[in-house]
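Here the structure is laid out as C-alpha coordinates; the discussion comes afterwards.
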Amino acid sequence: MTFPYTRLRRLRKNPVLRKMVEETAISVNDLVMPLFVCHGSGVRREVQSMPGNYQMSVDNVVKECKRLYDIGIKAVLLFGIPDKKDETGLVAASDDSIVQKAVRSIKKELPAIFLIADICNCEYTTHGHCGTIVDGDVDNDLTLETLAKQSVSFARAGVDMVAPSDMMDGRVGRIREELDVKGFPDLPIMSYSAKFASAFYGPFRDAAGSSPGFGDRSSYQMNSANSDEAMREIALDIEEGADIVMIKPALAYLDIVSRAKDEFNIPVAAYNVSGEFSMVKAAAAKGWADEERLVREILTSIKRAGADIIITYHAAEIASRLH
Ligand code: PBG
(Lines give C-alpha, C1' and ligand atoms only; values in the text may rest on other atoms or scores of the structure.)
Protein backbone atom coordinates (compact mmCIF):
# COMPACT_ATOMS: atom_id res chain seq x y z
CA MET A 1 0.00 0.00 0.00
CA THR A 2 1.31 3.41 -0.80
CA PHE A 3 0.32 7.06 -0.76
CA PRO A 4 -2.37 8.34 -0.22
CA TYR A 5 -3.30 5.36 2.04
CA THR A 6 0.15 5.19 3.63
CA ARG A 7 1.16 8.36 5.41
CA LEU A 8 4.25 8.10 7.60
CA ARG A 9 3.51 11.47 9.16
CA ARG A 10 0.65 9.82 11.15
CA LEU A 11 3.21 8.43 13.61
CA ARG A 12 4.97 11.76 14.04
CA LYS A 13 2.15 14.07 15.00
CA ASN A 14 1.24 13.07 18.54
CA PRO A 15 4.19 13.42 20.95
CA VAL A 16 3.18 10.36 22.98
CA LEU A 17 2.95 8.14 19.94
CA ARG A 18 6.10 9.68 18.47
CA LYS A 19 7.95 8.72 21.65
CA MET A 20 6.37 5.23 21.70
CA VAL A 21 7.73 4.37 18.29
CA GLU A 22 11.13 5.89 18.96
CA GLU A 23 13.75 3.29 18.00
CA THR A 24 16.82 4.55 19.83
CA ALA A 25 17.08 6.00 23.31
CA ILE A 26 20.16 7.17 25.14
CA SER A 27 20.42 6.35 28.81
CA VAL A 28 22.79 7.38 31.57
CA ASN A 29 23.60 3.66 31.82
CA ASP A 30 25.41 3.83 28.48
CA LEU A 31 27.59 6.83 29.28
CA VAL A 32 31.14 7.06 30.58
CA MET A 33 32.66 10.38 31.69
CA PRO A 34 36.41 10.92 31.21
CA LEU A 35 38.25 12.67 34.07
CA PHE A 36 41.76 14.13 34.31
CA VAL A 37 43.54 13.68 37.60
CA CYS A 38 46.61 15.61 38.69
CA HIS A 39 48.83 16.04 41.77
CA GLY A 40 48.25 18.55 44.55
CA SER A 41 45.18 19.34 46.59
CA GLY A 42 42.29 21.66 45.96
CA VAL A 43 43.23 21.80 42.27
CA ARG A 44 40.43 22.33 39.76
CA ARG A 45 41.90 23.89 36.61
CA GLU A 46 39.55 24.26 33.68
CA VAL A 47 40.90 22.95 30.37
CA GLN A 48 40.66 26.02 28.16
CA SER A 49 39.73 24.20 25.00
CA MET A 50 37.21 21.94 26.81
CA PRO A 51 34.84 24.16 28.83
CA GLY A 52 33.39 22.38 31.86
CA ASN A 53 36.27 19.87 32.02
CA TYR A 54 38.98 20.18 34.64
CA GLN A 55 42.36 18.89 35.66
CA MET A 56 41.54 17.90 39.24
CA SER A 57 43.58 16.78 42.20
CA VAL A 58 42.55 13.57 43.91
CA ASP A 59 40.34 15.27 46.55
CA ASN A 60 38.35 17.03 43.84
CA VAL A 61 38.16 13.94 41.64
CA VAL A 62 36.62 12.07 44.57
CA LYS A 63 34.02 14.84 44.94
CA GLU A 64 33.34 14.86 41.22
CA CYS A 65 32.84 11.08 41.20
CA LYS A 66 30.26 11.37 43.99
CA ARG A 67 28.44 14.11 42.10
CA LEU A 68 28.46 12.11 38.87
CA TYR A 69 27.27 8.97 40.62
CA ASP A 70 24.39 10.87 42.17
CA ILE A 71 23.20 12.14 38.80
CA GLY A 72 23.41 8.65 37.30
CA ILE A 73 26.84 8.53 35.66
CA LYS A 74 28.23 5.39 37.26
CA ALA A 75 31.34 4.87 35.16
CA VAL A 76 34.33 7.15 34.65
CA LEU A 77 37.48 6.84 32.55
CA LEU A 78 40.58 8.10 34.34
CA PHE A 79 43.56 9.84 32.74
CA GLY A 80 46.62 10.75 34.77
CA ILE A 81 48.69 13.91 34.63
CA PRO A 82 51.91 12.89 36.40
CA ASP A 83 54.40 15.22 38.11
CA LYS A 84 57.32 13.39 36.56
CA LYS A 85 57.80 11.72 33.21
CA ASP A 86 60.45 9.33 31.90
CA GLU A 87 61.69 7.88 28.62
CA THR A 88 59.42 4.82 28.56
CA GLY A 89 56.39 5.76 30.64
CA LEU A 90 57.28 3.18 33.26
CA VAL A 91 56.58 5.80 35.98
CA ALA A 92 52.92 5.00 35.43
CA ALA A 93 53.49 1.44 36.67
CA SER A 94 54.53 2.58 40.12
CA ASP A 95 51.89 1.90 42.75
CA ASP A 96 52.01 5.49 43.99
CA SER A 97 51.55 7.03 40.55
CA ILE A 98 48.70 9.51 40.18
CA VAL A 99 45.97 7.27 38.74
CA GLN A 100 46.62 4.57 41.36
CA LYS A 101 46.31 7.19 44.13
CA ALA A 102 43.06 8.46 42.69
CA VAL A 103 41.67 4.95 42.29
CA ARG A 104 42.38 4.05 45.91
CA SER A 105 40.81 7.27 47.21
CA ILE A 106 37.72 7.06 45.00
CA LYS A 107 37.12 3.40 45.84
CA LYS A 108 37.44 4.12 49.55
CA GLU A 109 34.67 6.72 49.41
CA LEU A 110 32.54 5.26 46.67
CA PRO A 111 33.18 1.55 46.05
CA ALA A 112 30.18 1.20 43.72
CA ILE A 113 31.48 3.54 41.03
CA PHE A 114 32.92 1.74 37.99
CA LEU A 115 36.47 2.88 37.36
CA ILE A 116 38.09 2.45 33.98
CA ALA A 117 41.75 3.35 33.51
CA ASP A 118 43.19 4.34 30.15
CA ILE A 119 46.34 2.31 29.53
CA CYS A 120 48.94 4.23 27.55
CA ASN A 121 52.37 5.78 27.97
CA CYS A 122 51.87 9.11 26.20
CA GLU A 123 50.96 11.08 29.33
CA TYR A 124 54.03 9.65 31.06
CA THR A 125 56.82 9.90 28.48
CA THR A 126 59.10 12.92 28.14
CA HIS A 127 58.65 12.78 24.34
CA GLY A 128 54.84 12.36 24.44
CA HIS A 129 54.75 9.22 22.29
CA CYS A 130 52.76 6.19 23.37
CA GLY A 131 55.75 3.92 23.98
CA THR A 132 59.48 3.30 24.08
CA ILE A 133 61.42 5.02 21.30
CA VAL A 134 64.04 3.07 19.34
CA ASP A 135 65.57 4.64 16.21
CA GLY A 136 63.06 7.48 16.11
CA ASP A 137 59.90 5.36 16.30
CA VAL A 138 57.89 3.60 18.98
CA ASP A 139 59.16 0.06 19.47
CA ASN A 140 56.17 -2.26 19.58
CA ASP A 141 57.41 -5.18 21.64
CA LEU A 142 59.29 -3.14 24.27
CA THR A 143 56.17 -1.02 24.75
CA LEU A 144 54.05 -4.12 25.44
CA GLU A 145 56.06 -4.65 28.61
CA THR A 146 55.42 -1.17 30.06
CA LEU A 147 51.73 -1.45 29.17
CA ALA A 148 51.44 -4.84 30.87
CA LYS A 149 53.11 -3.50 34.03
CA GLN A 150 50.91 -0.39 34.05
CA SER A 151 47.79 -2.57 33.74
CA VAL A 152 48.73 -4.77 36.69
CA SER A 153 49.54 -1.75 38.84
CA PHE A 154 46.15 -0.18 38.04
CA ALA A 155 44.48 -3.52 38.79
CA ARG A 156 46.24 -3.72 42.16
CA ALA A 157 45.01 -0.19 42.95
CA GLY A 158 41.44 -1.37 42.32
CA VAL A 159 40.26 -0.37 38.84
CA ASP A 160 37.28 -2.26 37.45
CA MET A 161 38.43 -2.32 33.83
CA VAL A 162 41.49 -1.37 31.80
CA ALA A 163 41.34 0.32 28.39
CA PRO A 164 44.53 0.16 26.30
CA SER A 165 44.66 3.10 23.88
CA ASP A 166 48.21 2.81 22.53
CA MET A 167 47.54 0.81 19.30
CA MET A 168 50.58 -1.47 19.67
CA ASP A 169 50.19 -4.87 17.99
CA GLY A 170 49.58 -7.69 20.44
CA ARG A 171 48.93 -5.52 23.48
CA VAL A 172 45.57 -6.98 24.39
CA GLY A 173 47.04 -10.48 24.51
CA ARG A 174 50.09 -9.36 26.47
CA ILE A 175 47.98 -7.41 28.99
CA ARG A 176 45.52 -10.31 29.35
CA GLU A 177 48.38 -12.73 29.99
CA GLU A 178 49.98 -10.47 32.61
CA LEU A 179 46.68 -9.75 34.39
CA ASP A 180 45.89 -13.48 34.54
CA VAL A 181 49.32 -14.42 35.85
CA LYS A 182 49.21 -11.69 38.50
CA GLY A 183 45.82 -12.74 39.84
CA PHE A 184 43.32 -10.62 37.90
CA PRO A 185 41.63 -13.11 35.54
CA ASP A 186 38.24 -11.43 36.01
CA LEU A 187 39.31 -7.91 35.13
CA PRO A 188 37.78 -6.95 31.77
CA ILE A 189 39.68 -5.26 28.93
CA MET A 190 37.99 -2.61 26.80
CA SER A 191 40.35 -2.22 23.89
CA TYR A 192 40.66 0.91 21.77
CA SER A 193 40.66 -1.48 18.82
CA ALA A 194 40.17 0.91 15.95
CA LYS A 195 41.82 4.13 17.00
CA PHE A 196 42.43 6.46 14.11
CA ALA A 197 45.20 9.08 13.80
CA SER A 198 42.92 12.07 14.22
CA ALA A 199 42.93 15.85 14.46
CA PHE A 200 39.94 15.47 16.78
CA TYR A 201 42.30 14.67 19.69
CA GLY A 202 43.69 18.21 19.73
CA PRO A 203 41.99 19.53 22.90
CA PHE A 204 42.71 16.29 24.81
CA ARG A 205 46.41 16.75 24.31
CA ASP A 206 46.11 20.13 26.06
CA ALA A 207 44.14 18.53 28.86
CA ALA A 208 46.53 15.62 29.38
CA GLY A 209 49.78 17.28 28.34
CA SER A 210 50.47 14.45 25.91
CA SER A 211 51.35 16.00 22.56
CA PRO A 212 54.16 14.18 20.78
CA GLY A 213 57.39 16.19 21.03
CA PHE A 214 58.40 15.15 17.50
CA GLY A 215 56.54 13.66 14.55
CA ASP A 216 53.02 12.31 14.91
CA ARG A 217 51.26 9.06 15.79
CA SER A 218 50.75 7.79 12.26
CA SER A 219 53.13 4.83 12.67
CA TYR A 220 50.76 3.32 15.22
CA GLN A 221 47.31 4.93 14.97
CA MET A 222 45.15 3.97 12.00
CA ASN A 223 44.77 5.72 8.68
CA SER A 224 41.34 7.36 8.76
CA ALA A 225 40.64 6.13 5.23
CA ASN A 226 40.55 2.45 6.27
CA SER A 227 37.51 0.40 7.18
CA ASP A 228 38.61 -3.18 6.32
CA GLU A 229 41.73 -2.65 8.41
CA ALA A 230 39.56 -1.56 11.34
CA MET A 231 37.73 -4.89 11.11
CA ARG A 232 41.08 -6.73 11.17
CA GLU A 233 42.13 -4.78 14.26
CA ILE A 234 38.87 -5.68 15.99
CA ALA A 235 39.08 -9.35 15.02
CA LEU A 236 42.62 -9.60 16.37
CA ASP A 237 41.72 -7.87 19.64
CA ILE A 238 38.81 -10.26 20.15
CA GLU A 239 41.12 -13.21 19.50
CA GLU A 240 43.59 -11.81 22.02
CA GLY A 241 40.91 -11.55 24.68
CA ALA A 242 39.25 -8.12 24.45
CA ASP A 243 35.88 -8.06 26.22
CA ILE A 244 34.70 -4.81 24.66
CA VAL A 245 36.01 -3.19 21.47
CA MET A 246 36.11 0.54 20.92
CA ILE A 247 36.02 2.80 17.89
CA LYS A 248 37.60 6.22 18.26
CA PRO A 249 36.76 8.96 17.35
CA ALA A 250 33.01 8.43 17.02
CA LEU A 251 31.34 10.95 14.75
CA ALA A 252 33.55 10.82 11.69
CA TYR A 253 33.65 7.01 12.07
CA LEU A 254 30.01 5.99 12.55
CA ASP A 255 30.31 3.69 9.54
CA ILE A 256 33.03 1.79 11.42
CA VAL A 257 30.82 1.57 14.53
CA SER A 258 27.96 0.25 12.45
CA ARG A 259 30.12 -2.27 10.62
CA ALA A 260 31.70 -3.47 13.87
CA LYS A 261 28.26 -4.03 15.40
CA ASP A 262 27.14 -5.98 12.32
CA GLU A 263 30.24 -8.12 11.95
CA PHE A 264 31.05 -9.04 15.56
CA ASN A 265 28.97 -10.27 18.46
CA ILE A 266 30.73 -8.31 21.16
CA PRO A 267 29.88 -5.08 23.00
CA VAL A 268 31.00 -2.01 21.04
CA ALA A 269 32.07 1.26 22.61
CA ALA A 270 32.54 4.57 20.82
CA TYR A 271 34.63 7.48 22.07
CA ASN A 272 33.05 10.87 21.37
CA VAL A 273 36.44 12.58 21.64
CA SER A 274 37.64 15.97 22.80
CA GLY A 275 37.56 17.72 19.41
CA GLU A 276 34.00 16.57 18.80
CA PHE A 277 33.04 17.95 22.21
CA SER A 278 34.86 21.25 21.76
CA MET A 279 33.29 21.93 18.36
CA VAL A 280 29.84 21.71 19.94
CA LYS A 281 30.88 23.97 22.82
CA ALA A 282 32.41 26.52 20.46
CA ALA A 283 29.35 26.64 18.21
CA ALA A 284 27.04 26.94 21.22
CA ALA A 285 29.15 29.72 22.74
CA LYS A 286 28.82 31.67 19.53
CA GLY A 287 25.07 31.17 19.59
CA TRP A 288 25.22 29.25 16.32
CA ALA A 289 23.40 26.16 17.55
CA ASP A 290 21.34 24.82 20.45
CA GLU A 291 23.80 22.88 22.57
CA GLU A 292 21.40 20.43 24.22
CA ARG A 293 19.77 19.51 20.93
CA LEU A 294 23.16 19.03 19.30
CA VAL A 295 24.32 16.77 22.11
CA ARG A 296 21.16 14.66 22.08
CA GLU A 297 21.36 14.27 18.32
CA ILE A 298 25.05 13.35 18.41
CA LEU A 299 24.69 10.80 21.19
CA THR A 300 21.62 9.31 19.55
CA SER A 301 23.49 8.94 16.26
CA ILE A 302 26.33 7.08 17.98
CA LYS A 303 23.88 4.74 19.70
CA ARG A 304 21.84 4.24 16.52
CA ALA A 305 25.02 3.35 14.63
CA GLY A 306 25.48 0.47 17.06
CA ALA A 307 27.48 1.60 20.08
CA ASP A 308 26.51 0.01 23.39
CA ILE A 309 28.76 2.31 25.40
CA ILE A 310 29.50 5.97 24.70
CA ILE A 311 32.48 7.70 26.27
CA THR A 312 31.69 11.39 26.20
CA TYR A 313 32.65 14.67 27.87
CA HIS A 314 28.99 15.64 27.54
CA ALA A 315 27.99 12.93 30.06
CA ALA A 316 28.10 15.16 33.13
CA GLU A 317 25.97 17.92 31.64
CA ILE A 318 23.42 15.82 29.77
CA ALA A 319 22.84 13.25 32.56
CA SER A 320 20.23 15.19 34.47
CA ARG A 321 18.27 15.81 31.26
CA LEU A 322 17.96 12.13 30.34
CA HIS A 323 15.12 9.98 31.54
C1 PBG B 1 46.13 8.36 24.37
C2 PBG B 1 44.75 8.84 24.31
C3 PBG B 1 44.33 9.93 23.55
C4 PBG B 1 42.98 10.05 23.77
C5 PBG B 1 42.59 9.05 24.65
N6 PBG B 1 43.70 8.30 24.96
C7 PBG B 1 45.11 10.88 22.75
C8 PBG B 1 45.94 10.52 21.64
O9 PBG B 1 45.95 9.41 21.13
O10 PBG B 1 46.69 11.39 21.25
C11 PBG B 1 42.13 11.09 23.12
C12 PBG B 1 40.84 11.36 23.73
C13 PBG B 1 40.17 12.59 23.26
O14 PBG B 1 40.57 13.28 22.31
O15 PBG B 1 39.15 12.91 23.88
N16 PBG B 1 46.51 7.71 25.39
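Any value given below was found using the heavy atoms of this structure, including those in side chains, with hydrogens, waters and symmetry copies removed. Atoms within a ligand are numbered from 1 in the order they appear, just like the ligands themselves.
Residue-ligand proximity: Cys122 is placed with a non-hydrogen atom under 4.0 Å from ligand 1. Heavy atoms of Arg217 come nearer than 4.0 angstrom to ligand 1 in at least one pair.
Checked against the 6.0 Å centroid threshold, Tyr54 and Phe36 do not count as a close aromatic pair.
Residue contacts with ligand 1, taken as heavy atom pairs separated by less than 4.0 Å, do not involve Phe277 at all. Residue contacts with ligand 1 for Ser274 involve both N, CA, C or O and side-chain atoms from C-beta outward (heavy atoms, distance under 4.0 Å). For Asp118, every heavy-atom contact with ligand 1 shorter than 4.0 Å involves the side chain, none the backbone.
In this structure, Ile311 and Pro34 approach most closely via the heavy-atom pair CG2-CG, 3.8 Å.
When hydrogens are left out, the protein atom nearest atom 1 (C) of ligand 1 is Lys195 NZ, 3.3 Å; that is the closest non-hydrogen contact. Protein heavy atom nearest atom 4 (C) of ligand 1, with residue, atom name and distance: Lys248 NZ, 2.6 Å. The protein heavy-atom contact nearest to atom 15 (O) of ligand 1 is Tyr313 OH, 2.6 Å.
Using a cut-off of 4.0 Å between Lys/Arg side-chain N and Asp/Glu carboxylate O, Arg174 and Asp169 are scored as not salt-bridged. Between Lys149 and Glu178 there is no salt bridge, since no side-chain N of the basic residue sits under 4.0 Å from a carboxylate O of the acidic one. The pair Glu22-Arg18 does not count as a salt bridge, with every side-chain nitrogen at least 4.0 angstrom from each carboxylate oxygen.
Shown in contact with Cys120 at under 4.0 Å from a heavy atom are these atoms of ligand 1, numbered in order with element: 16 (N). Numbered from 1 in the order shown, with element, the atoms of ligand 1 that lie under 4.0 Å from a heavy atom of Phe79 read 5 (C), 6 (N). When each atom of ligand 1 is checked for a heavy atom of Tyr271 under 4.0 Å away, the hits are 12 (C), 15 (O). Ligand 1 places these atoms under 4.0 Å from at least one heavy atom of Glu123: 16 (N). In the vicinity of Ser165, heavy-atom distances shorter than 4.0 Å reach the ligand 1 atoms 1 (C), 2 (C), 6 (N), 16 (N). Per-residue contacts place Arg205 under 4.0 angstrom from the following atoms of ligand 1 (heavy atoms of the residue considered): 8 (C), 9 (O), 10 (O).
Between Tyr253 and Phe196, the ring planes lie parallel to each other; the angle is under 30°, not in the 30° to 60° tilted range.
Within 6.0 Å of CD on Glu23 lie no more than 12 heavy atoms contributed by other residues, nucleotides or ligands. Within a 6.0 Å sphere centred on CZ of Arg10, heavy atoms belonging to other residues, nucleotides or ligands number more than 12.
We find the CG-CZ distance between Leu179 and Arg176 to be 5.0 Å, quoted to the nearest 0.5 Å.
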